[in-house]
Amino acid sequence: MVKIIKPSFEILTPINGDEILKLIEIAGRTCYKSNDLITPDSAKNFVSKIAQRGHESVIEHYNITVRFICNRGFTHELVRHRLAAYSQESTRYCNYTKDKFGSEITVIKPYELNEGTTEFEIWKNAMENAEKSYMEMIANGSKPENARGVLPIDIKTEIVITTNLREWKHIFKLRTSPAAHPSMRELMIPLMKEFQNKIPVIFDNINQE
Ligand SMILES: Cc1cc2nc3c(=O)[nH]c(=O)nc-3n(C[C@H](O)[C@H](O)[C@H](O)COP(=O)(O)OP(=O)(O)OC[C@H]3O[C@@H](n4cnc5c(N)ncnc54)[C@H](O)[C@@H]3O)c2cc1C
């Protein structure tokens, strides 16, 4: 049986927005030798001014790590962002016939396919056929790294990405815009909102600029 799940994300870095702004202020004020102007409330205003001037290298001083549970189409697009570290579930080392995977493949429900429609049924059949072929290949002695060729783009995968705030901003700009893939927007829009809620100033006005 193919298992169908929704995609998700988890922010792995504990986030304290005020502390992040303070760190960026300490780093950024080095440029002006104005660290004497730091007060308990000065960071927000300083980072805001830095952002307005486009002095964005300063926000590279802080990294955030996020785990995505998503399909391989999503990760294929994500890893095009070069200024990040990635660790991804391997279809070479994971054997989905094993008990720990439930002896089944798990796939991600495409955002725009609705259960009960003909389109959804055709997609589900394709997922089941892919699983059948994968299981048969392994049963006939294939290694996972060869059987993986029959797995679909919608196969569930996990990826952990670590990158700095400047690159996150760039990723959100590109991946929440209406031009981005619906499955990309499905995760990136709520993730961006969480960043915006937790970290003042830095992620304001993305795609409204
Ligand atoms: C809507 C959409 C559709 C897309 N369609 C396709 C497609 O059909 N085919 C395809 O192949 N790709 C496609 N892409 C991927 C796209 O071309 C980029 O590879 C991807 O978005 C990564 O973005 P990036 O290169 O700006 O940034 P990153 O790799 O995230 O880098 C961040 C920034 O650093 C700078 N930078 C990084 N590396 C260099 C460098 N070597 N030289 C100079 N500056 C650098 C740039 O300013 C860059 O914007 C698409 C992307 C989007 C958002």
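Basis for what follows: all heavy atoms, side chains included, without hydrogens, waters or symmetry-related copies. Keep in mind that this is a model prediction, so the values were computed, not measured.
One distance of note links CD of Glu194 with CD1 of Ile64; it measures 10.0 Å at 0.5 Å rounding. Between the CZ atom of Arg72 and the CD1 atom of Ile155 there is a distance of 8.5 Å, given to the nearest 0.5 Å. Taking CD1 of Ile206 as the reference point, atom CH2 of Trp168 lies at 11.5 Å (rounded to 0.5 Å).
The environment of Asp99 atom CG is sparse: at most 12 non-hydrogen atoms of other residues, nucleotides or ligands sit within 6.0 angstrom. The 12-atom threshold is not exceeded at CD1 of Ile153, counting heavy atoms of other residues, nucleotides or ligands nearer than 6.0 Å. Other residues, nucleotides and ligands contribute over 12 non-hydrogen atoms within 6.0 Å of the NE2 atom of His55.
Counting only distance, with no hydrogens or angles, the side chain of Glu56 and the backbone of Arg166 share no donor-acceptor pair below 3.5 Å. A donor-acceptor pair under 3.5 Å is formed between the side chain of Ser90 and the backbone N or O of Tyr93. A donor-acceptor pair under 3.5 Å links the side-chain atoms of Arg175 to the main chain of Glu77, judged by distance alone. Checking side-chain atoms of Ser177 against main-chain N and O of Lys173 turns up no donor-acceptor pair under 3.5 Å. Here the side chain of Ser103 pairs a donor or acceptor atom with the backbone of Thr97 at under 3.5 angstrom. The main-chain N or O of Thr176 is found under 3.5 Å from a side-chain atom of Arg185 such that the two form a donor-acceptor pair. Of the possible polar contacts, one joining the Asn63 side chain to the Asn164 backbone as a donor-acceptor pair under 3.5 Å is found.
Note on Tyr62 and Val160: separate hydrophobic clusters, where clusters join Ile, Leu, Val, Met, Phe, Trp and Tyr whose side-chain heavy atoms are under 4.5 Å apart, directly or indirectly. Both Ile159 and Ile171 are part of a single hydrophobic cluster, where members link through side-chain heavy atoms under 4.5 Å apart. When the side chains of ILVMFWY residues are joined at heavy-atom separations under 4.5 Å, either directly or via intervening members, Leu187 and Ile4 end up in two distinct hydrophobic clusters.
Residues passing the side chain to side chain donor-acceptor pair (under 3.5 Å) test with Thr65 are Thr162, sequence neighbours excluded. Under the salt bridge (charged side-chain N to carboxylate O under 4.0 Å, His left out) criterion, Glu89 pairs with Lys156, not counting sequence neighbours.
Aromatic ring pairs are classed by plane angle as parallel below 30°, tilted from 30° to 60° and perpendicular above 60°; the pair Phe68 and Phe74 is tilted.
Considering all non-hydrogen atoms of both residues, Ile105 and Met135 come closest at N-CE, 4.3 Å.
In this structure, Glu128 does not pair ionically with Lys132, as no charged nitrogen and carboxylate oxygen lie closer than 4.0 Å.
Annotation: side chain of Leu83 is not in contact with side chain of His81 (no heavy-atom distance under 4.5 Å). Ile20 is listed as a side-chain neighbour of Leu165, based on a closest heavy-atom distance under 4.5 Å.
For Asp41 and Thr39, the side-chain atoms include no donor-acceptor pair closer than 3.5 Å.
Counting only residues at least two apart or on different chains, the ring pair (Phe, Tyr, Trp, His ring centres under 6.0 Å) pairs with a member in residues 98-126 are Tyr96-Phe101, Phe120-Trp123.
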Item to complete: Would you check, one step at a time, whether the test side chain to side chain contact (heavy atoms under 4.5 Å, CB included) holds for Tyr86 with Thr75?
Response: CA-CA 10 Å; Tyr86 300 98; Thr75 60; over 6 Å; no

